[in-house]
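Chain letters run A, B, ... following the sequence lines, proteins first and then strands; every chain starts at 1. Both backbone and side-chain heavy atoms feed into the values below; hydrogens, waters and symmetry mates do not.
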2 protein chains.
Amino acid sequence: MPFQKVQFRDKAFTCTSEVTLELISGKWKVLILSYLSKKVCRFNELQKLMPETTQKMLTLQLRELEKDGLIIRKVYAVAPPKVEYLLSDLGERLVPMLKQLCNFGADYLDRLEA
Amino acid sequence: MPFQKVQFRDKAFTCTSEVTLELISGKWKVLILSYLSKKVCRFNELQKLMPETTQKMLTLQLRELEKDGLIIRKVYAVAPPKVEYLLSDLGERLVPMLKQLCNFGADYLDRLEA
DNA sequence: CCGGATCCCAGACGATACTG
DNA sequence: CAGTATCGTCTGGGATCCGG
């Protein structure tokens with residue numbers, strides 16, 4: 001753990017791990033990334049997978065993930081509109097971490113029973 | 001990625017990875033955990049390591065980490081007061097993840113230059 | 001089908017002062 | 001030394017309506 005001072009989005013961070021958290025913290029981001037790690041999805045597919053989201057929030061989170069280069073937004077010039085979302089190379093690279101987050105969480109909850 | 005519906009702190013989560021994020025998201029938590037992964041620390045040591053923190057915030061984050069069972073607060077009955085903080089077994093188990101978060105962040109920032 | 005624009009609130013976070 | 005207590009701010013996220 002290098003504790004390397006860095007600037008990102010005009011904020012100062014003390015460790016690069018904080019940058020990663022900055023990228024994936026957002027109400028629906030891990031879920032979006034997890035679903036996209038399984039398959040390419042259209043907007044309304046994601047909506048069905050995450051019924052708790054509002055359109056606005058889903059859009060917002062997708063835009064941020066896109067801006068950060070973690071996902072790709074593919075627009076087809078057809079009517080009715082068709083938009084697909086998929087992981088970028090960078091996005092793919094954090095899939096192992098998502099799994100670890102998942103495993104730890106499951107493990108943690110198990111221990112709470114005991 | 002199981003997408004396993006769980007309850008935690010009276011909130012509903014769709015995947016256990018969200019629980020892990022819930023545990024470590026907080027302005028100073030990853031830093032605290034990272035520092036404690038290197039050595040046991042006293043309160044004012046942590047304060048010196050993280051000069052940006054206020055006492056209130058540091059206390060708050062430490063209390064939450066303790067309540068969640070990730071760190072241990074060891075109070076010595078002496079004057080002046082002496083309190084030590086260290087990782088619990090559960091806390092130790094997320095150290096590998098902290099490193100991954102760190103590595104990804106560093107990697108990510110590198111790519112931004114290119 | 002996909003998303004933008006507005007309004008609003010709780011809760012996270014901060015500043016400052018005080019204490020056993 | 002290691003905290004409380006109090007108050008103030010700010011922003012992430014929700015609700016709702018509008019538009020191409």
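OP1 or OP2 of D:dG3 lies within a sub-4.0 Å distance of a side-chain N or O belonging to B:Y85. The phosphate of D:dG3 has neither OP1 nor OP2 within less than 4.0 Å of any side-chain N or O from B:R42.
The listed nucleotides are D:dG3, C:dA5, C:dC2; the one nearest the side chain of A:Q55 is C:dC2. Between C:dG14, C:dC7, C:dG3, one nucleotide has an atom nearer to the side chain of A:K56 than all others, and that is C:dC7. Nearest to the side-chain atoms of A:Q61 among the listed nucleotides D:dG13, C:dC2, D:dA2 stands D:dG13. Looking at the side chain of B:V83, the nearest of the listed nucleotides C:dG3, C:dA5, D:dG3 is D:dG3. The side chain of B:N44 sits closest to D:dA2 out of D:dA2, C:dC2, D:dG13. When distances are taken from the side chain of B:M57 to each of D:dG20, C:dC13, C:dG4, the shortest belongs to C:dC13.
The pair A:K29-A:E64 meets the salt-bridge criterion, with a side-chain N (NZ, NE, NH1 or NH2) lying under 4.0 Å from an Asp/Glu carboxylate O. Salt-bridge formation is not detected for the pair B:D68/B:R63: no Lys NZ or Arg NE/NH1/NH2 atom is positioned less than 4.0 Å from an Asp or Glu carboxylate oxygen.
Between the CD atom of B:Q47 and the C1' atom of D:dG3 there is a distance of 9 Å, rounded to whole Å. Remark: P of C:dG3 and CH2 of A:W28 are 17 Å apart, rounded to the nearest angstrom. Following rounding to the nearest Å, A:L62 (CG) and C:dC1 (P) show an atom-to-atom distance of 16 Å. Counting to the nearest Å, the C1' atom of C:dG11 and the CG atom of B:L60 are 11 Å from each other. At whole-Å resolution of the value, CZ in B:R73 and P in D:dC1 are 16 Å apart. If you take OH of A:Y76 and P of C:dG3, they are 14 Å apart, rounded to a whole angstrom. Nucleotide C:dG3 holds its P atom 10 Å from the CG atom of A:L46, rounded to whole Å. A:M50 has its CE atom 12 Å from the P atom of D:dG14, to the nearest Å.
Put simply, the side chain of A:Q61 gets close to the backbone of A:W28: a donor and an acceptor are under 3.5 Å apart. Although no hydrogens or angles enter the test, the distance criterion places no donor-acceptor pair under 3.5 Å between the side chain of B:Q47 and the main chain of B:F43. Although no hydrogens or angles enter the test, the distance criterion places a donor-acceptor pair under 3.5 Å between the side chain of A:E45 and the main chain of A:R42.
Ranked by how close their nearest DNA chain D nucleotide is to the 5' end, A:K27 and A:P81 are led by A:K27. Nearest-nucleotide positions on DNA chain D for B:K48 and B:T59 put B:K48 closer to the 5' end.
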